[in-house]
2 protein chains.
Amino acid sequence: MIAERGLASTRIADVAERAGTSPPAVLYWFGSKDDLLTDALTVDEDRFYGAMTERLAALERPRHRLRLLIEACAAEYDWALWMELWGRALRDRGAAAARQRLDDRWREQIAEVIRDGQQAGEFAAGDPDDAAAIIAAVLDGLAVQVTLGDRAIPADRMRDLTVRSAELLVGCELAPLDERALAAGPSEEPRPWAS
Amino acid sequence: MIAERGLASTRIADVAERAGTSPPAVLYWFGSKDDLLTDALTVDEDRFYGAMTERLAALERPRHRLRLLIEACAAEYDWALWMELWGRALRDRGAAAARQRLDDRWREQIAEVIRDGQQAGEFAAGDPDDAAAIIAAVLDGLAVQVTLGDRAIPADRMRDLTVRSAELLVGCELAPLDERALAAGPSEEPRPWAS
DNA sequence: GTGTAACTTGAACGGCAGTTCAGTTTTTCG
DNA sequence: CGAAAAACTGAACTGCCGTTCAAGTTACAC
């Protein structure tokens with residue numbers, strides 16, 4: 001509902017109808033509209049994060065993992081909900097806490113890929129937390145433009161620009177994902193195109 | 001009012017009281033609350049842009065102009081209004097158009113500094129529009145975290161990370177601004193620390 | 001001055017939507 | 001089966017707030 005109608009114009013009655021029940025029933029479970037909204041905003045992010053963790057684990061090489069991260073953000077994720085959460089976090093304590101938790105986890109996810117890449121010798125040295133913060137910021141910033149339909153930044157340009165930024169930061173080319181990379185399970189194929 | 005109370009909870013009565021008048025008087029001038037809000041959201045951005053243009057013109061060297069741009073965004077600008085505009089632009093046609101106009105102009109501002117730097121031989125070659133889009137995105141993305149009080153990203157880290165990103169992109173160190181740089185008028189001081 | 005247009009206002013209207021409540025249905029469990 | 005707890009509902013309540021309106025005040029032109 002929030003993704004469709006926006007946080008501001010999502011009514012309890014809408015949620016109830018979609019759930020095939022009545023407004024008081026919604027209140028029965030959530031207590032108040034505020035609680036409902038704050039809970040709802042984090043569900044999608046949590047699901048995306050979970051799926052991403054699985055898919056990352058299926059890729060062996062850090063350079064592929066980093067590329068997948070970026071591609072998924074540019075092509076699959078619904079940033080409208082994320083932006084609604086930002087707006088709410090400006091004034092709502094619960095929303096602010098939820099955002100902090102999700103963002104910490106997300107940046108850590110990126111930083112871990114970078115650390116792996118450095119240990120594997122694929123990525124150049126440098127503070128992985130700094131690089132993660134910058135990559136996350138580029139994704140957020142460009143995603144806003146894409147989501148708002150900016151003429152200058154369609155989704156594929158978002159992907160290309162983010163990939164380029166990441167390449168500069170880790171000093172390693174992030175080749176496009178092909179079936180080999182996506183299908184590759186852990187611990188096989190000893191670096192066929194190693195740098 | 002919007003910066004203080006948020007877009008969602010700013011009432012016409014609040015605006016009227018602050019202006020020392022009555023709610024109907026506000027409607028008399030703006031027609032409806034929607035028109036009022038969309039107008040209001042762009043006033044601050046326009047003012048910031050105007051002041052920035054003047055201050056940039058006072059700096060001779062592109063590397064100083066780029067640094068000033070970043071420092072001002074990290075230290076002086078109120079990003080809460082910008083975030084409210086994003087949220088509104090998700091559903092409001094007028095707000096979306098206003099955002100597009102402001103963002104186009106802002107990215108062009110950055111791109112122009114980069115083109116100047118390339119022509120002056122300070123900055124490395126490369127598409128200035130791409131670099132501008134990335135720098136703008138880093139600023140937006142980090143500003144969100146700073147504005148929401150993210151523990152991991154205080155304002156000075158936002159500044160440092162953005163400066164580092166920009167340095168990577170333009171291949172030129174962006175030294176801190178001192179009185180010399182700020183006071184320097186156009187066409188003097190023939191590159192004392194040229195690369 | 002005086003008439004007209006511009007501007008302002010207090011008061012009231014109207015609708016929306018979150019919440020409450022009293023009562024009904026469904027489920028659970030001994 | 002039967003009683004108690006849980007789950008749910010329709011209807012009404014309530015407060016809020018944007019908007020309208022008719023009447024008032026000020027500014028201005030001639």
Side-chain angles (χ1 to χ4, degrees), chain A residues 1-47 78 80-99 102 148, chain B residues 1-47 78 80-99 102 148:
Chain A
M1 279 319 306
I2 297 174
E4 282 177 24
R5 323 211 359 161
L7 194 64
S9 51
T10 290
R11 295 165 301 163
I12 288 187
D14 297 322
V15 180
E17 188 183 4
R18 178 71 57 94
T21 181
S22 65
V26 175
L27 271 308
Y28 177 81
W29 291 104
F30 288 91
S32 79
K33 188 186 183 184
D34 261 19
D35 296 346
L36 167 64
L37 292 181
T38 300
D39 279 8
L41 278 177
T42 66
V43 169
D44 198 62
E45 276 89 1
D46 268 327
R47 188 156 41 203
D78 183 1
L81 284 176
W82 197 233
M83 288 165 63
E84 300 275 16
L85 180 59
W86 289 342
R88 194 173 175 75
L90 278 169
R91 264 93 201 177
D92 180 288
R93 178 173 299 275
R99 189 213 59 87
L102 292 168
L148 296 180
Chain B
M1 281 315 311
I2 297 174
E4 282 176 24
R5 323 207 3 159
L7 194 63
S9 51
T10 291
R11 296 165 301 162
I12 289 189
D14 297 323
V15 180
E17 188 182 3
R18 178 70 58 94
T21 180
S22 65
V26 175
L27 271 307
Y28 177 82
W29 291 105
F30 287 91
S32 77
K33 187 187 182 183
D34 262 18
D35 296 346
L36 166 65
L37 292 182
T38 301
D39 279 8
L41 278 177
T42 67
V43 168
D44 199 60
E45 276 89 2
D46 269 326
R47 188 158 38 206
D78 183 2
L81 284 176
W82 197 232
M83 290 165 65
E84 300 275 17
L85 179 60
W86 289 342
R88 193 174 175 77
L90 279 169
R91 264 93 201 178
D92 180 287
R93 178 174 298 277
R99 189 213 61 86
L102 293 168
L148 296 180

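Proteins come first, then strands; the chains are lettered A, B, ... in the order of their sequence lines, and each starts at number 1.
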OP1 or OP2 of [N] under 4.0 Å from side-chain N/O of [X]:
X	N	result
B/Trp29	C/dT8	yes
B/Ser22	C/dG10	no
B/Tyr28	C/dC7	yes

Response to the item:
The reported gap from CG in A/Leu102 to CD in A/Glu45 (rounded to nearest 0.5 angstrom) is 6.0 Å

Worksheet item: A/Ala3: what forms a side chain to side chain contact (heavy atoms under 4.5 Å, CB included) with it, not counting sequence neighbours?
Response: A/Asp78, A/Leu81

Discussion item. Can you give me the bend angle of the helix from C/dG1-D/dC30 to C/dG30-D/dC1? Use the axis through the first five pairs and the one through the last five, nearest 10 degrees.
Written reply: 10°

Worksheet item: If you check every side-chain atom of B/Ala25, which of C/dC7, D/dC8, C/dT9 has the closest atom?
Response: C/dT9

Worksheet item: Going by an N to O cut-off under 4.0 Å, is there a salt bridge joining A/Arg91 and B/Glu84?
Response: yes

Worksheet item: With a 4.0 Å cut-off, would you call A/Arg93 and A/Asp34 a salt bridge?
Response: no

Practice prompt. Give the C-alpha distance, both sets of side-chain angles, the deciding distance and a yes or no for side chain to side chain contact (heavy atoms under 4.5 Å, CB included) between B/Arg5 and B/Arg11.
Written response: CA-CA 9 Å; B/Arg5 323 207 3 159; B/Arg11 296 165 301 162; 4.0 Å; yes

Worksheet item: Does the side chain of B/Met83 reach to within under 4.5 Å of the side chain of B/Leu148, using non-hydrogen atoms?
Response: yes

Item to complete: List the protein contact pattern of nucleotides 14-27 of chain D with one symbol per nucleotide (5' to 3'): B for base contact, S for sugar-phosphate-only contact, - for none; contact means a heavy-atom distance under 4.0 Å.
Response: ---SSSB-------

Fill in: Intermediate values then yes/no, side chain to side chain contact (heavy atoms under 4.5 Å, CB included), B/Thr21 and B/Val15
CA-CA 9 Å; B/Thr21 180; B/Val15 180; over 6 Å; no

Item to complete: Please report the C-alpha distance between B/Leu41 and B/Leu7 in whole Å, then the side-chain angles of each, then the deciding distance to 0.1 Å, and finally whether the side chain to side chain contact (heavy atoms under 4.5 Å, CB included) criterion is met.
Response: CA-CA 9 Å; B/Leu41 278 177; B/Leu7 194 63; 4.3 Å; yes

